[in-house]
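Keep in mind it's a predicted model, so treat the numbers as computed, not measured. By convention in this document, chain letters (A, B, ...) are assigned in the order of the sequence lines, proteins followed by strands, and residues within each chain are numbered from 1.
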4 protein chains.
Amino acid sequence: MTIGPPERAVARTKVIMQATLALAQESGYAKLSIEAVAARAGVGKHTIYRRWPSKGLLFLDSLLSLNEPALNFPDTGDVLADLRQQAYAAVDLLANPPWGPLYQALVGEAQHDPAVAAGLGERFIRPQTDRTIVRLKAAQDQGQVSPGLDLDLVMAILSGPLYFRLLITQEPMTHDYVDRVFEAIFTGLSPRH
Amino acid sequence: MTIGPPERAVARTKVIMQATLALAQESGYAKLSIEAVAARAGVGKHTIYRRWPSKGLLFLDSLLSLNEPALNFPDTGDVLADLRQQAYAAVDLLANPPWGPLYQALVGEAQHDPAVAAGLGERFIRPQTDRTIVRLKAAQDQGQVSPGLDLDLVMAILSGPLYFRLLITQEPMTHDYVDRVFEAIFTGLSPRH
Amino acid sequence: MTIGPPERAVARTKVIMQATLALAQESGYAKLSIEAVAARAGVGKHTIYRRWPSKGLLFLDSLLSLNEPALNFPDTGDVLADLRQQAYAAVDLLANPPWGPLYQALVGEAQHDPAVAAGLGERFIRPQTDRTIVRLKAAQDQGQVSPGLDLDLVMAILSGPLYFRLLITQEPMTHDYVDRVFEAIFTGLSPRH
Amino acid sequence: MTIGPPERAVARTKVIMQATLALAQESGYAKLSIEAVAARAGVGKHTIYRRWPSKGLLFLDSLLSLNEPALNFPDTGDVLADLRQQAYAAVDLLANPPWGPLYQALVGEAQHDPAVAAGLGERFIRPQTDRTIVRLKAAQDQGQVSPGLDLDLVMAILSGPLYFRLLITQEPMTHDYVDRVFEAIFTGLSPRH
DNA sequence: AGGTAACCGAGACGGTACGTCGCGTCTTGTC
DNA sequence: GACAAGACGCGACGTACCGTCTCGGTTACCT
């Protein structure tokens, strides 16, 4: 006896998401077309255009509809270990299908379409970052992290090398890579460390 | 009796590059079309297809044809200061038109087109990285950098946060941001530093 | 305690007719759409489809709902003069808005849609013709018209040139044209007449 | 060694005409679509739009590309007999497939689209009329037709009843009908004739 | 100097997809 | 319980580019 959006609409949305993901995985985002999504979903094109203004935002929604395997944000008391766990989880997600290639394409699209960039930022990056920052804040309160440190900056420093690998060098991301990044950053780059 | 590439071909290539850049700056890479480039350049479409196999590679070439303001890679003996200078130069380039938005679009395209990714890697990222590594190697030899350190990894750690800003959060990049990244990385994230 | 059609239904029909006519006059029959009629009339599309099976028949009804200015069919005893009066009246109707262009469009639609052709024949042409034939019959009885003559044929001969002008040459129809047609037909085409 | 339009273009035009006629005969003009013509002709839609601005004009051209079986315009010296022959020929053409239904649809379209009306007038009606008028002029010179008579008007009077039948009552057109029209017009409608 | 081959602009061409419109059918929720 | 509002599958619209393909009209090179 709850009130909400008509079930029909929900069902359409769902089938469209699935068709989008299926086609994106089969042929890649570049060859994805709204026409093909509509055909695959057994849906009129207008039903898609009614919900999404562009291919990019459709794709963003469909990717986010894959309920991410709950990137865990543990708090064991050891902030370094916890961050490493988060990084492992992120790598596990981004280095493997289906997320990996799709996410890469999504970030690519964000460079062409400001609306996608905004959506990606608000709906994926920001929440993800916030949860990391919660952990960092706790560590900061316990004196494990420099008091005045900009925690968004820490996020950028920890994530940056991963994105560099995903997007720029496009080499495989592994736990080992995470380990080496962490070691370099936290053990220090200078010989005296 | 000079030997070299036919001058006309060179001239044509040049006008195509210029047309590509002009259109990309006016309307953005997403709306760029080979059709429009040909029209703007006063050139047959075939003349473009003869030289470039795809829009992405045409765009890559045209961007690289902007002789980058020679990112300088100084060696003053102070490796940290030199790296910072490099970062400043990179930010000056990437944070401002025309390079900034165009480069962002190029990296975006590299996510959709492996050929662009390869070209970008070989012709821009790799050389850039190599020159940085030369400087790091020198520092390493002088004992200013940990002996066993993977210098490609250092590059990733230094560049990563900048790319994160450029591509993910899409916030403005400034010298101040570089300073804060360097301070966090080299002064250390833990309170004891 | 009166018996009759529900008044609300009548009212709704009326507003639909008006909307149809208004749109047809504004944009022409070709651009008329049931969608637009419903919107203009402030009525659900279903309400229209419940009453009319096609755009053509809706338009036919709406045109006939304009109570034609009672084409008069006089009987003054002079059949030629009376027919001429009828022709004048027809021209007055068909040569001027709103009837003129709308009727022309309706006849056009009748060429594409047999249902419209049938409706037009039964509900406009046939009654009109019948009333003319009544007058002709009287004249025939009085010996003013050849006894064996097919009066439907006479109708075709008198109307034909008017329709030719309306539909084929699409030149303006005037009383003068009627006069010239009548003179040629009744005075005769050969010089001996 | 003549100069003219490229053969390829001529060939395309021809195959498009044929596809248009085939589809129009199969499904009727109302259901004809440029999309379907393109598919049937094995041609891109743009190739059609490059040549014709509307479905109506495409159809007009395709109908006229059926080289009409040379409606003959004889001159035997007997103008009445010659006109009757012309009328027979017209009826033979318009009363039978393929011309009949297609021509009817074309005249219908002319009521919705001024461009079609103009084309029809200039490219079919006018030439047809002119040839009839040539015959009438000769008769007039020989004193078989009233000297001052508007010959366009004669054409309207002779054609009108045929078009009335084709378009309004939509009954079959036969030689017999022609005979009855001619008898009524030329023998006279009044009993004294 | 003339002949010929390569190159070029222009753009036609078969396609694919775009984003929009209207069809006729179907919910949904309101009055 | 009738009805406005409009979602829906569908088909077609007219447009934009794709990458390939003629088509003539210069170059520019080689006898």
Side-chain angles (χ1 to χ4, degrees), chain A residues 3-13 15-16 30-39 41-55, chain B residues 6-9 11-12 15-16 30-39 41-55, chain C residues 6 8-9 11-12 15-16 30-39 41-55, chain D residues 3 5-13 15-16 30-39 41-55:
Chain A
I3 288 192
E7 300 213 5
R8 213 177 22 143
V10 173
R12 303 288 164 201
T13 298
V15 66
I16 292 169
K31 291 188 181 173
L32 190 65
S33 77
I34 290 186
E35 193 114 11
V37 171
V43 135
K45 285 200 288 178
H46 195 52
T47 301
I48 296 180
Y49 283 111
R50 196 180 293 123
R51 290 168 163 78
W52 295 276
S54 70
K55 182 175 104 166
Chain B
E7 297 218 3
R8 273 199 315 148
R12 248 173 260 280
V15 68
I16 292 170
K31 292 189 181 172
L32 189 66
S33 75
I34 290 186
E35 198 110 12
V37 171
V43 134
K45 289 201 291 177
H46 202 55
T47 302
I48 296 181
Y49 282 109
R50 199 178 298 124
R51 291 169 164 78
W52 294 275
S54 72
K55 178 175 108 166
Chain C
R8 270 199 315 151
R12 246 174 262 279
V15 68
I16 292 170
K31 292 188 180 173
L32 189 65
S33 76
I34 290 187
E35 198 109 11
V37 170
V43 134
K45 288 201 293 176
H46 202 55
T47 303
I48 296 181
Y49 282 110
R50 199 179 297 124
R51 290 168 163 81
W52 294 274
S54 72
K55 178 174 108 166
Chain D
I3 290 191
E7 299 212 7
R8 215 179 18 145
V10 173
R12 304 289 164 200
T13 298
V15 67
I16 293 169
K31 292 189 182 172
L32 189 65
S33 77
I34 289 186
E35 193 114 12
V37 171
V43 136
K45 285 201 287 178
H46 194 52
T47 301
I48 297 180
Y49 284 110
R50 195 179 295 125
R51 291 168 162 75
W52 296 276
S54 71
K55 181 174 107 166

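- Rounded to whole Å, the distance from CD1 on D:Ile48 to P on F:dA12 is 13 Å.
- Rounding to whole angstrom units, NZ of residue A:Lys31 and P of E:dC18 are separated by 15 Å.
- Residues forming a side-chain contact (heavy atoms from CB on, under 4.5 Å) with A:Ala36 (at least two apart in sequence, or on another chain): A:Leu23, A:Ser33.
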For nucleotides 3-11 of chain F, 5' to 3', base contacts (B), sugar-phosphate-only contacts (S) and non-contacts (-) with protein non-hydrogen atoms under 4.0 Å give SS--BBS--

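- Note: CG (B:Leu32) to P (F:dA16) measures 16 Å, nearest angstrom.
- Protein atom OH of D:Tyr49 is 4 Å distant from nucleotide atom P of F:dG14, rounded to whole Å.
- Every residue two or more places apart in sequence or in another chain that forms a side-chain contact (heavy atoms from CB on, under 4.5 Å) with B:Thr47 is listed here: B:Arg12, B:Ile16, B:Val43, B:Arg50, B:Arg51.
- Taking the salt bridge (Lys or Arg N to Asp or Glu O under 4.0 Å) definition, one finds that D:Lys55 meets it with nothing, sequence neighbours left out.
- Here E:dT16 presents its P atom at 18 Å from CD1 of A:Ile34, a figure rounded to the nearest Å.
- Nearer the 5' end of DNA chain F, as judged by each residue's closest nucleotide, is the contact made by D:Lys55, out of D:Lys55 and B:Pro53.
- Closest non-hydrogen pair, B:Ala38 versus B:Gly44, comes out as CB-C, 4.3 Å.
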